[in-house]
Amino acid sequence: MVNRELRAKEGVPGKYEILPREFFFKDTMTVAKELLGKYLIKKEKNYYISGRIVETEAYLGDNDPACHAYRSITPRNSVMFEDGGKIYVYFIYGNYYCFNIVTERKGSGSAVLIRAVEPYSGLNYMKKRRPEVRSVYDLTNGPAKFCLAFGIDRRYNGMKLNNGNFFIVKNPSAERINIVITRRIGLKEGADYPYRFFIKNNPFVSNHRLNKEIISEIIV
DNA sequence: CGGGAGATGGGCT
DNA sequence: GCCCATCTCCCGA
């Protein structure tokens with residue numbers, strides 16, 4: 001499955017292969033790891049912007065006290081209980097949005113948070129949305145920074161991926177990714193679980209002391 | 001550079 | 001009324 005329109009406009013190396021919906025039906029930890037290195041593309045009015053996913057966190061439904069879906073279904077978290085492959089956007093700290101991808105099958109309440117991407121195309125549009133940012137490394141190195149740069153807000157909550165606005169594609173050339181695993185960031189309950197994943201030595205990962213508190217490393 | 005305070009408003013008890 | 005999956009700025013070293 002190759003989208004020639006995207007391929008022509010984005011020029012990501014190799015062929016553009018859109019991830020099938022089944023990719024997101026797998027268990028959340030697997031999806032969180034396998035999303036690293038994939039390209040997230042957003043269609044704007046007359047152009048596309050894109051970035052390579054470099055940092056994720058897993059949130060595991062009713063087994064995970066840090067997960068928004070831990071207690072019960074509410075108006076805010078209802079999208080998390082739908083089938084994998086939908087977009088869950090929530091509003092946080094009075095100012096910011098975070099972008100998640102729902103995982104597993106209907107009812108699981110699980111998702112993967114996109115914590116950082118490496119800008120790939122549309123850098124000028126990202127800078128225009130974040131004029132105060134000086135370094136390209138600070139454009140998208142955090143879950144809300146990424147949403148600011150990509151213009152993500154509550155309008156996208158509940159949308160399907162690969163359905164017009166957002167696409168996630170892989171580069172079919174077999175790329176090995178060195179993954180570092182740490183605790184998740186910004187939590188009280190559930191903070192000790194090793195559910196944060198990022199690409200080793202990538203300069204677009206969010207800055208945090210936990211980057212040095214490495215629990216394990218794997219190659220996928 | 002690393003750490004901490006403040007901003008800010010929706011969600012839920 | 002308290003909590004919050006954050007960001008930015010400002011401080012001191």
Side-chain angles (χ1 to χ4, degrees), chain A residues 24 28-29 31-33 35-36 40 51 53-82 84 86-104 108-119 126-158 179-199 201 203-215:
Chain A
F24 303 100
T28 306
M29 297 288 281
V31 175
K33 294 173 203 166
L35 276 175
L36 295 176
L40 177 63
I53 297 170
V54 298
E55 179 179 347
T56 61
E57 279 178 356
Y59 287 87
L60 305 190
D62 55 10
N63 294 317
D64 178 1
C67 182
H68 288 171
Y70 179 61
R71 298 180 186 282
S72 63
I73 188 165
T74 68
R76 177 177 69 156
N77 68 21
S78 64
V79 175
M80 295 187 80
F81 291 89
E82 299 185 27
K86 283 207 168 189
I87 294 167
Y88 168 51
V89 176
Y90 65 89
F91 183 70
I92 189 72
Y93 293 116
N95 272 317
Y96 303 108
Y97 293 96
C98 291
F99 178 96
N100 301 255
I101 298 169
V102 176
T103 55
E104 307 188 31
S108 113
S110 302
V112 172
L113 170 68
I114 306 299
R115 283 198 53 89
V117 308
E118 174 175 342
M126 299 181 202
K127 289 175 183 169
K128 196 172 290 184
R129 287 198 176 105
R130 286 170 59 66
E132 71 284 359
V133 173
R134 304 181 175 226
S135 165
V136 66
Y137 297 106
D138 294 327
L139 229 34
T140 55
N141 62 338
K145 296 179 187 177
F146 152 65
C147 285
L148 288 169
F150 273 62
I152 292 167
D153 59 33
R154 62 174 99 253
R155 297 196 309 267
Y156 300 101
N157 186 48
I179 300 178
V180 176
I181 304 176
T182 77
R183 290 148 62 195
R184 292 173 295 187
I185 291 178
L187 304 179
K188 287 183 184 154
E189 279 190 302
D192 289 337
Y193 299 127
Y195 291 172
R196 173 171 176 248
F197 310 93
F198 63 85
I199 297 180
N201 295 329
F204 296 90
V205 167
S206 65
N207 296 313
H208 200 276
R209 64 177 174 82
L210 289 181
N211 291 4
K212 296 172 191 163
E213 299 180 20
I214 295 169
I215 294 172

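Sequence lines set the chain letters: A, B, ... in the order given, protein chains first and strands last, and positions in each chain run from 1. Because the structure is a prediction, the values reported are computed rather than measured. Side chains are part of it too, since the values below use all heavy atoms of this structure and drop only hydrogens, waters and symmetry mates.
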[X] has an atom [atom1]; how far is it from atom [atom2] of [N], in whole Å?
X         : N      : atom1 : atom2 : value
Asn95(A)  : dC7(C) : CG    : C1'   : 8 Å
Asn77(A)  : dA5(C) : CG    : C1'   : 13 Å
Ile185(A) : dT6(C) : CD1   : C1'   : 11 Å
Leu113(A) : dT6(C) : CG    : C1'   : 11 Å
Phe91(A)  : dC7(C) : CZ    : C1'   : 13 Å

Can you check whether [Y]'s main-chain N or O pairs, donor with acceptor, with [X]'s side chain at less than 3.5 Å?
X         : Y         : answer
Thr140(A) : Val117(A) : yes
Glu104(A) : Ser110(A) : no
Glu57(A)  : Ile185(A) : yes
Thr56(A)  : Ala32(A)  : yes
Asn207(A) : Asp138(A) : no
Asn77(A)  : Thr74(A)  : yes
Arg130(A) : Ala149(A) : no

| query | Is Arg115(A) positioned over the aromatic face of Phe198(A), cation under 6.0 angstrom from the ring centre and no more than 45 degrees off axis? | reply | no

| said: Out of the candidates Leu35(A), Val205(A), Asn141(A), only one should pair with Val54(A) under the side chain to side chain contact (heavy atoms under 4.5 Å, CB included) rule; please name it. | reply: Val205(A)

| Taking the six-membered ring for Trp, is the centroid-to-centroid distance between Tyr96(A) and Phe91(A) below 6.0 Å? | no

Of all heavy-atom pairs between [X] and [Y], which one has the smallest distance, and what is that distance?
X         : Y         : answer
Lys33(A)  : Ile179(A) : O-CD1, 3.8 Å
Ala66(A)  : Gly190(A) : CB-CA, 4.5 Å
Pro194(A) : Ile215(A) : CB-CD1, 3.6 Å

| query | Of all of residues 204-212 of chain A, which get a heavy atom below 4.0 angstrom from DNA chain C, listed by number? | reply | none

| Contact residues, residues 57-71 of chain A to DNA chain C [heavy atom, < 4.0 Å] | Tyr59(A), Ala66(A), His68(A)

| task | Sugar-phosphate atoms are those with a prime plus P, OP1 and OP2; base atoms are the rest. Using that split, label each nucleotide of nucleotides 8-13 of chain C B, S or - for protein heavy atoms under 4.0 Å, 5' to 3'. | result | S-----

| message | According to side chain to side chain donor-acceptor pair (under 3.5 Å), who are the partners of Asp64(A), at least two apart in sequence or on a separate chain? | response | Arg184(A)

| message | Rounded at 0.5 Å granularity, tell me how far NZ in Lys86(A) sits from CG in Asn100(A). | response | 14.5 Å

| said: At a heavy-atom distance below 4.0 Å, which nucleotide of DNA chain B is the first touched by chain A, and which is the last? | reply: dG2(B) to dC12(B)

| query | Within the structure shown, what part of the strands sits under 4.0 Å from Arg76(A) by heavy-atom distance: base, sugar-phosphate, or nothing? | reply | sugar-phosphate

| Would Ile152(A) and Val89(A) count as a side-chain contact (heavy atoms from CB on, under 4.5 Å) if you check the C-alpha gap in whole Å, the side-chain angles of each, and the deciding distance to 0.1 Å? | CA-CA 8 Å; Ile152(A) 292 167; Val89(A) 176; 4.0 Å; yes

| Between dT6(C) and Arg115(A), is there an OP1 or OP2 to side-chain N/O distance shorter than 4.0 Å? | yes

| message | For Watson-Crick and G-U wobble pairs within 3.5 Å on both distances, what is DNA chain B written in dot-bracket notation, | included for inter-strand pairing? | response | |||||||.||||.

